[in-house]
Chemist: 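Quick one: structure below, then a few questions.
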2 protein chains.
Amino acid sequence: MTASRVTIGDVARHAEVSTSAVSKVLRNAYGVSPAMRTRVLAAIKELGYRPHGAARALRGHTSTLGVLLPDLRNPFFPDLIDGIAEELGDTCYQVVISQAGRDPAGESRAVHALIDQSVGGVVLVAPLSPPADLEVIAKAVPVVVLGRDDRSPHYDAVFGDEEVGAGLVVEHLAGLGHRRIAHLADAAWHGSGRGEPATPPDPRAHAYERAMARLGLGAYADIVRTSYTEEGGRAGVGELLRRPEPPTAVFAGADLVAIGALGALREAGLDVPGDVSVAGYDNSWLAGLAHISLTSVDQPGLTMGRTAARLLLERIGGRTASARISITPTLVTRRTTAAAPPPGHNPDAANFNVTEI
Amino acid sequence: MTASRVTIGDVARHAEVSTSAVSKVLRNAYGVSPAMRTRVLAAIKELGYRPHGAARALRGHTSTLGVLLPDLRNPFFPDLIDGIAEELGDTCYQVVISQAGRDPAGESRAVHALIDQSVGGVVLVAPLSPPADLEVIAKAVPVVVLGRDDRSPHYDAVFGDEEVGAGLVVEHLAGLGHRRIAHLADAAWHGSGRGEPATPPDPRAHAYERAMARLGLGAYADIVRTSYTEEGGRAGVGELLRRPEPPTAVFAGADLVAIGALGALREAGLDVPGDVSVAGYDNSWLAGLAHISLTSVDQPGLTMGRTAARLLLERIGGRTASARISITPTLVTRRTTAAAPPPGHNPDAANFNVTEI
DNA sequence: ATACCTACGGGTAACGTTCCACGATTTCCT
DNA sequence: AGGAAATCGTGGAACGTTACCCGTAGGTAT
């Protein structure tokens, strides 16, 4: 029952010109007189005509860009999206977002679905697929990877400097006297499994390890791989608390994970930061909430989003040289990190301080 | 430099059949022998062929559904998306998400962009556009509205029962002895402005007013309109605290707003729930966090998302009769609501209890 | 043997847009 | 004045897919 669409032909008839003419004013191409332009514009408005995106796409024109997000719940991602949308504000491009699965297969399916929809380009946020797969995708459509330090000849990358970020956290915690500093890493970023040069090794976890080693704490390094969700944070802390000597500080790879960690610690009767310090990553709005006040590594999401969008536009514009842009993070210290408890400290004794229910 | 796409013609040539034949096996239509089918399938796999979405769309076939979200930060929305994705799991449909602006104009632009992309249907989450505009849109594409109680002959609606939801909160707070119960409502839901029958009146705010009246607290009803964001919650509380007699309870129309309210109250030196009680709406994962533990009206986001997707599929399948599905919310009480302070209570005196920095 | 069905496969006209090539007119230059 | 150049507008062939319609081959009932 959907009324048949009004086409460029209808507009042409109504304005008594050719469809080519209408097409020209639509794309404001060369060769159209002001008189005709106004007539066509009037006809368009009168008929409420809107160009058919699919038909345009068939001719190779597109006005949508795709953004692939691993997860809608991560509070850092809206910042990226806002940045992308801002940069695209004065262009004709429109953003569509697609949620990738938690696994490379789902991610691949989602990105191909985006391409089948003939988007003009894609921003892949923290993708799971190995670089080789992305090279293939980049052959079909301009690609910018956001949040992974890939070096590819065919697509661009925008990412925070993990070495600096992890270093800041570890140095901060070590400076507070912590030695047993554990790290909750992203399980999805599995080192491979087939022995093939698959996804590059998790750079955040590696940076953590190097920072620990640099500070002479290499023996205390302890990585738990878990999902980058609140639930993952809970599970990770659950595992850490079963260690013979649980850590006194937890460096979560994402704010959401840190939030889960905070919850699990609280439920275990441990005080933050009295018994255990917790730090997150991304400094999303969640970290800044008064009731959470999470120490976190600040990454300028808006800037990163804008940069990714800019690179994508450049690629679409014809740039073939590859770009790699690194962004240096900073540390925002808040109330979840404090001096390490004294060596003989018994966490359970601290429970007397807990005044909340 | 993007390599030219492999088309259905390439597949046909490679399998030595006609394009019609390939098209048939693609849609597994009638009239194709098993032998040919396997040959074509082999060719498809060998060439890595993927059907061109835009070309299909031009012929009237589509396999994407659009979801329009007002805001990526609202923690309730991912639940809806997950519900929609779940329901669509075993169909060929793929979801794309688009972020509407904060104003009706931006929303309209976003939904039309979606339609131009020839989606097969759209789910509009808490739309700002007046029903009349949605009727127009529903003429072009199947529409389901999620989170607003519209009764339209041309599109469906799935929504929580606001009367029950607001009633539960107000009764809960009144039962705890509160009288000055204020409400933070959505400013975007402006009652109109032109005198035209624009967007219907904010049902949540109205339900709040009726509940207050029903309990004999009509004189205490106090609505502050603010944006449905964390910042909006802060601003709303700021305004409420400037009242001659500030409220002892705040009913925020969304969890995110309640979070902002909590932050502002804390910064004002007020204790929650000692001095002021706070309740939210949607019972998103944010409300359940141990560090927040917000009393909130529970709406089953997953179910609502699934229902919306189901209705959309039915519409696409040809149903023309309109559906309206109301979902009854429940109340989850947590630690942000408690008995009202005694009449002579001086909030400032309570500051002695504040132990945190 | 003829007519009729069924199963299988191909030919081809759309779908709505863009853009190249090419007329038709006017303006400019010497 | 004669032609070149600039300007304005049109025709029509794609783009990749689908769906209708029509052959053909073999089988079966009359």
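Chain letters run A, B, ... following the sequence lines, proteins first and then strands; every chain starts at 1. Note that the structure is a prediction, hence the values are computed from the model and not measured.
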Chemist: Can you tell if the side chain of B:Asp82 reaches within under 4.5 Å of the side chain of A:Gln99, non-hydrogen atoms only?
Modeler: yes
Chemist: What heavy-atom pair brings B:Pro153 and B:Arg315 nearest, and what distance separates the two atoms?
Modeler: O-NH2, 4.0 Å
Chemist: What is the distance, to the nearest angstrom, from the CG atom on B:Asp116 to the P atom on C:dG16?
Modeler: 14 Å
Chemist: Side chains of B:Asn74 and B:Tyr228: donor-acceptor distance under 3.5 Å anywhere?
Modeler: no
Chemist: OP1, OP2 of C:dC15 versus side-chain N and O of B:His61: anything below 4.0 Å?
Modeler: no
Chemist: Working note: B:Val40 + B:Leu26, criterion side chain to side chain contact (heavy atoms under 4.5 Å, CB included); need CA distance, chi angles, decisive distance, verdict.
Modeler: CA-CA 9 Å; B:Val40 168; B:Leu26 243 38; 5.7 Å; no
Chemist: Are the charged groups of B:Glu314 and B:Arg310 less than 4.0 angstrom apart, N to O?
Modeler: yes
Chemist: Does A:Asp116 come within less than 4.0 Å of A:Arg109, counting only side-chain N to carboxylate O?
Modeler: no
Chemist: When the C1' atoms of the five terminal pairs at each end define the local axes, what inter-axis angle does the helix from C:dA1-D:dT30 to C:dT30-D:dA1 show, to 10 degrees?
Modeler: 40°
Chemist: Quick check on D:dC8: is either OP1 or OP2 less than 4.0 Å from any side-chain nitrogen or oxygen of A:Tyr30?
Modeler: no
Chemist: Rounded to the nearest angstrom, tell me the gap between atom CG in A:Asp10 and atom P in C:dC15.
Modeler: 11 Å
Chemist: Please tabulate the protein-to-nucleotide N/O contacts below 3.5 Å involving nucleotides 15-17 of chain D, giving atom names and distances.
Modeler:
{"from": "D:dT17", "atom 1": "OP1", "to": "B:Tyr49", "atom 2": "OH", "distance (Å)": "2.4"}
{"from": "D:dT17", "atom 1": "OP1", "to": "B:His52", "atom 2": "N", "distance (Å)": "3.0"}
{"from": "D:dT17", "atom 1": "OP2", "to": "B:Ile8", "atom 2": "N", "distance (Å)": "2.4"}

Chemist: Can B:Asp79 and A:Arg73 be counted as an ion pair, charged N to O under 4.0 angstrom?
Modeler: yes
Chemist: Less than 4.0 angstrom from a charged side-chain N to a carboxylate O is my criterion; do B:Asp149 and B:Arg324 meet it?
Modeler: yes
Chemist: Can you check whether any acceptor in the base of D:dG11 is under 3.5 Å from a donor in the side chain of A:Ser20, or vice versa?
Modeler: yes
